[in-house]
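Since the model is a prediction, treat every value here as computed from it, not as a measurement. Start at 1 with the first residue, then count along the sequence. In what follows, every heavy atom counts, from backbone to side chain, and hydrogens, waters and symmetry copies are set aside.
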Amino acid sequence: MKKSHDRFGIPEENFRAAERSAKKQKGYLLHVYVPTRKEVATLKIEKLSTMLVGWMCKSPTEIIPSRTQITEVRNILLNREDASELGSLITMCNYYIHND
């Protein structure tokens, strides 16, 4: 079983490298936060949306999510009690997963 505080298997070294990349970047704000599995399972939609959009769309190369990671995010979202209210996030994950 995967730990609830795991950040989808991203190694700590990648986070450090992403932070260094973000500091070097001029004129474009990079997002260096990856939510934990627990956060994906429990956070309110607004806060979670900001985190997921940042991770999927504005991450440095070192932490860009794979399709497998976003599939895991989507599966957690689908298992939430409020999954019926998470349609836009689930759709965003589906686009990410199936984007060729």
Side-chain angles (χ1 to χ4, degrees):
M1 178 162 177
K2 300 191 181 193
K3 296 178 183 174
S4 64
H5 294 287
D6 172 62
R7 296 186 188 278
F8 297 91
I10 298 175
E12 193 59 40
E13 311 84 65
N14 288 47
F15 287 110
R16 288 192 296 271
E19 288 172 0
R20 287 191 301 272
S21 292
K23 287 179 184 175
K24 292 178 186 177
Q25 193 68 25
K26 304 266 191 235
Y28 185 77
L29 183 62
L30 292 175
H31 184 88
V32 295
Y33 188 81
V34 175
T36 64
R37 292 171 195 281
K38 182 177 181 179
E39 288 172 328
V40 172
T42 61
L43 284 177
K44 294 191 183 282
I45 296 170
E46 298 79 21
K47 187 168 186 173
L48 183 57
S49 293
T50 300
M51 286 181 184
L52 291 177
V53 168
W55 183 30
M56 287 191 242
C57 303
K58 300 176 183 178
S59 287
T61 304
E62 297 85 355
I63 61 170
I64 291 174
S66 68
R67 288 182 176 141
T68 300
Q69 289 167 318
I70 298 305
T71 299
E72 291 178 31
V73 168
R74 183 193 61 194
N75 291 341
I76 293 169
L77 295 173
L78 287 169
N79 285 306
R80 285 177 53 145
E81 287 183 18
D82 62 348
S84 63
E85 300 171 31
L86 302 171
S88 61
L89 282 178
I90 293 166
T91 298
M92 182 177 72
C93 290
N94 286 333
Y95 281 128
Y96 193 96
I97 294 162
H98 299 295
N99 186 17
D100 293 326

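Within the 4.5 Å cutoff, the side chain of Ile76 has heavy atoms near those of the Phe8 side chain. Within the 4.5 Å cutoff, side-chain heavy atoms of Cys93 are placed close to those of Leu77. No side-chain heavy atom of Glu13 sits under 4.5 Å from any side-chain heavy atom of Phe15. Taking the side chain as every heavy atom from C-beta outward, Pro35 and Leu43 never approach each other to under 4.5 Å.
Every residue was checked against the salt bridge (Lys or Arg N to Asp or Glu O under 4.0 Å) condition with Arg74, not counting sequence neighbours, and none meets it. The side chain to side chain donor-acceptor pair (under 3.5 Å) test applied to Asn75 returns no partner, not counting sequence neighbours.
Among all heavy-atom pairs drawn from Val40 and Leu48, the shortest one is O-CD2, 3.6 Å. Across every non-hydrogen atom of Met92 and Leu52, the tightest pair is CE-CB, 3.9 Å. For the residue pair Leu78 and Ala83, the shortest heavy atom distance occurs at O-CB, 3.6 Å. Heavy-atom minimum distance, Glu39 versus Val34: OE1-O, 4.4 Å. Listed here is the closest heavy atom pair of Ala22 and Val32: CB-CG1, 3.8 Å. Heavy-atom minimum distance, Ser21 versus Pro60: CB-CB, 4.1 Å.
Atom CG in Leu86 sits 8.0 Å away from atom OG in Ser49 (nearest 0.5 Å). If you take OG1 on Thr50 and CD1 on Ile45, they are separated by 11.5 Å, rounding to the nearest 0.5 Å. Distance check: Asn99 CG to Met56 CE gives 12.0 Å after rounding to the nearest 0.5 Å.
Checked against the 6.0 Å centroid criterion, the rings of Tyr96 and Trp55 do not qualify as a close aromatic pair.
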List the steps and the verdict of side chain to side chain contact (heavy atoms under 4.5 Å, CB included) for Arg7 and Arg37.
CA-CA 6 Å; Arg7 296 186 188 278; Arg37 292 171 195 281; over 6 Å; no
Apply the test side chain to side chain contact (heavy atoms under 4.5 Å, CB included) to residues His31 and Val53: give CA-CA distance (whole Å), side-chain angles for both, the deciding distance (0.1 Å), then the verdict.
CA-CA 9 Å; His31 184 88; Val53 168; over 6 Å; no
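By the 4.0 Å N-to-carboxylate-O rule, Glu62 lies too far from Arg20 to be salt-bridged with it.
Under the 3.5 Å distance criterion, the side-chain polar atoms of Asp82 are left unmatched by any main-chain donor or acceptor of Glu85.
Sorted by first and then second residue, the salt bridge (Lys or Arg N to Asp or Glu O under 4.0 Å) pairs with a member in residues 40-51 form an empty list; sequence neighbours excluded.
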